[in-house]
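Residue numbers begin at 1 in each chain, while the letters A, B, ... track the order of the sequences.
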There are 2 protein chains.
Amino acid sequence: MRHLLIYDMIEAVHSSGSIRKAAEDTNITASALNRRIQGFEEEFGSEIFERLPRGMRLNPAGELLLHHIRLQRQDLARVHGQVADLSGIRRGHVKIACSQALLPYFLPREISKYRAEFPDVTFTVNVRDRIQAERDLVSFDSDLALVFEPAHMVDFEVLHAVHQPVMAVMSAAHPLARQESLRLRDCLEYDLVLPASQFGVRVLLEQASARLGRKLEPVLETDSFDMVRHFAAYGQGIGFQIPVGLNALARPDMAFMPIAHRDVSGGELYLGHLRGRTLPVAALKFATQVVTALSVQGNA
Amino acid sequence: MRHLLIYDMIEAVHSSGSIRKAAEDTNITASALNRRIQGFEEEFGSEIFERLPRGMRLNPAGELLLHHIRLQRQDLARVHGQVADLSGIRRGHVKIACSQALLPYFLPREISKYRAEFPDVTFTVNVRDRIQAERDLVSFDSDLALVFEPAHMVDFEVLHAVHQPVMAVMSAAHPLARQESLRLRDCLEYDLVLPASQFGVRVLLEQASARLGRKLEPVLETDSFDMVRHFAAYGQGIGFQIPVGLNALARPDMAFMPIAHRDVSGGELYLGHLRGRTLPVAALKFATQVVTALSVQGNA
DNA sequence: CAAAGCGGTGCAAAAAATGCATCGCTACGC
DNA sequence: GCGTAGCGATGCATTTTTTGCACCGCTTTG
């Protein structure tokens, strides 16, 4: 609320006791703040601060005004709350179809962040592959889909896309973990743990290795990304995953390294909904948050 | 208050119904006003106006905000008043919504008595029926309401209530004027001058005569209490009024007699303000004086 | 008695608000 | 059915306001 900034300033001066200190909190110069205060006092019709040699103190008029400011803020917050209520942001249910990669870190984090602000919004998260996810949108079983390299996208309206390179996942003790960069052909010399063939990462890897004239021969093929990570963690070979499914901080015993872009270019993670559909408020707002989170992660 | 200008603009757009008209009132260009509104909506976090082909209308969020704006303004006015008090100046403005009965004697007397002590306090008096009066409080168009038998009283916080019997009003020469006490059925034998059906006195009389199995058939029905009194003064029938609207001393040519309590029990005259509101100093002080005056009259 | 901290102010630069011209749209009158 | 009038929105040049910087005078403090 830009037009209420002066109130913040008054409170800052009040609580810090001097214009100079308050100026730091407010991120403006003392002179600017000083003139804002003076300007306000002129409009208001009376001084609200006593000028002491050591700083500023509210005078009785200022005390009265401060009370008004607080009352006013509180009432504005109430209005905001009521507006939020009637726009439906506060309550609601969001149904999400997503790739497995989103399950361990990304979605739990985003959902709990969202629910910290709107505790009355509930969620359904269904794991779906790239084809099923779109089907879920069409049948209205999901509001949002968050999938890696979706299959046809006829009914899929993209809200946001973010590029995801393919990461090799291995034990920190693995010979390749010490290398600067990682080529696909190096990986092929070791035991591979691959997701099943319906997954986007697998498709990308198959294409890339075909270009090398090689064939992928996994020691373990699974439809559980958890399995991939854990098997790799035991030092048993190399797994693959996209960044959004990994959390470097959480696993110091593991190494996550991007495969050289010229070998495997990676793919796109798409957030979208059913084409032409107007989303419920809660779903739309959550989608906005997810877009922000994906952008930040993409830049980091 | 320059920083609250945006509120004026919002109200201007609300009351004129279009940005272009409001722009004239505000002495600003339509484009500038348009962008102020848009900017505010962005800060506020939601639209507050519906854009119609013919102009702008507040949406529900806007209605909520409008109420906040009015509350906020009034509270600021109260603070101003209190600050003025601090500096020893007794200034201020009191806005009153009242029933017609208060106009001829009661309010003029009380207001001039108050202004004898505080000549810098000014007044606005609006005649409102029982429903409109409450509406005025809600919209902050009035500080105080003084009404007979208010309708619902949801937002009405009572400061004082005083009982008012229903009085018959007639020429001193009227046959009934010589009686000791007056029964309703006696009145019904004569020509009746009645206030219109939205008035409390009329409602009470209708209920009472229904209990007698009679129907009121006025020869004159009017929404002017002055008309009632003057018509009765000419000897043309019996009018009705509550004591606060009468002044026995002023009209020796007329007779005012209470209807027997068992026939018409009378009603309550309420002084009140908007529920939960802190009144400006001047209004509060005037209210105190009115409470005193009503108590005295009630006892006399 | 010097140093540190305070609010206040002149002036140039930066930022915001405004006015003007104009667009696209919809309802209304002929 | 079509033109017109009224509406909100917007790009751009201009004006107004706000801000930052440097510095003043003052009072307290060690």
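With contacts defined as side-chain heavy-atom distances shorter than 4.5 Å, the pair B:I10/B:I48 qualifies.
Within the helix from C:dC1-D:dG30 to C:dC30-D:dG1, the inter-axis angle between the opening and closing five-pair segments is 20°, rounded to 10°.
Against DNA chain D, the stretch residues 1-16 of chain B makes heavy-atom approaches under 4.0 Å through B:R2. Residues from residues 32-51 of chain A with heavy atoms under 4.0 angstrom of DNA chain D, sorted by number: A:A32, A:R35, A:R36.
Within 6.0 Å of CD on A:E42 lie no more than 12 heavy atoms contributed by other residues, nucleotides or ligands.
Under the ring pair (Phe, Tyr, Trp, His ring centres under 6.0 Å) criterion, the residue pairs touching residues 50-70 of chain B are B:H67-B:F140, with sequence neighbours excluded. Among residue pairs with one or both ends in residues 12-33 of chain B, none qualify as ring pair (Phe, Tyr, Trp, His ring centres under 6.0 Å); sequence neighbours excluded. The side-chain hydrogen bond (donor to acceptor under 3.5 Å, both in side chains) contacts involving residues 139-148 of chain B comprise B:D136-B:S142, B:S139-B:D141, B:D143-B:R277, where partners must be two or more places apart or lie in separate chains.
Phosphate proximity of D:dG20 to A:S31: absent, as no side-chain N or O sits under 4.0 Å from OP1 or OP2. Side-chain N/O atoms of B:K21 include one lying less than 4.0 angstrom from OP1 or OP2 on D:dC7.
Between A:F156 and A:H273, the distance separating the two ring centers is not shorter than 6.0 angstrom.
For B:E47 and B:R57, the salt-bridge test fails: no basic side-chain N is under 4.0 Å from an acidic carboxylate O. Looking at B:R202 and B:E221, a side-chain N of the basic residue comes within less than 4.0 Å of a carboxylate O on the acidic one, giving a salt bridge. A salt bridge links A:R73 to A:E11: one of the charged nitrogens lies within less than 4.0 Å of a carboxylate oxygen.
A:R2 meets the side-chain hydrogen bond (donor to acceptor under 3.5 Å, both in side chains) test with no other residue; sequence neighbours excluded. Applying the side-chain hydrogen bond (donor to acceptor under 3.5 Å, both in side chains) rule to A:D120 yields no partners; only residues at least two apart in sequence or on another chain are considered.
When rounded to the nearest whole Å, the span between CG of A:L58 and C1' of C:dG7 equals 16 Å. One interatomic measurement links the two molecules: CD1 of A:I28 to P of D:dT17, which rounds to 18 Å at whole-angstrom precision.
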Protein-nucleic acid N or O pairs under 3.5 Å, nucleotides 1-3 of chain D:
none

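A donor-acceptor contact under 3.5 Å is not formed by the side chain of A:T29 with the base of D:dC21.
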Enumerate donor-acceptor pairs with a distance under 3.5 Å from any side-chain N or O in residues 20-40 of chain B to protein atoms, sequence neighbours excluded.
| unit_1 | atom_1 | unit_2 | atom_2 | d |
| --- | --- | --- | --- | --- |
| B:T26 | OG1 | B:A22 | O | 2.5 |
| B:S31 | OG | B:R35 | NH2 | 3.4 |

Give the table of side-chain donor-acceptor pairs shorter than 3.5 Å for residues 280-290 of chain A, with sequence neighbours excluded, one pair per line with atom names and distance.
| unit_1 | atom_1 | unit_2 | atom_2 | d |
| --- | --- | --- | --- | --- |
| A:T288 | OG1 | A:L284 | O | 2.8 |
| A:Q289 | NE2 | A:E110 | O | 2.9 |
| A:Q289 | NE2 | A:E110 | OE1 | 2.8 |

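In this pair, A:H261 and A:H163 present their aromatic rings tilted. The plane angle is within the 30 to 60° band.
Without hydrogens or angle criteria, A:E50 side chain to A:M56 main chain gives no donor-acceptor distance under 3.5 Å.
In this structure, A:L52 reaches neither bases nor backbone, as no heavy-atom distance under 4.0 Å exists between it and the strands shown.
When every heavy atom of B:R78 is checked against every heavy atom of B:T278, the shortest pair comes out as CD-CG2, 3.2 Å.
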Open item on the list: Return a single string for nucleotides 23-30 of chain D, one symbol per nucleotide in 5' to 3' order, where B is base contact, S is sugar-phosphate-only contact and - is none, cutoff 4.0 angstrom on heavy atoms.
Closed with: ----SSS-
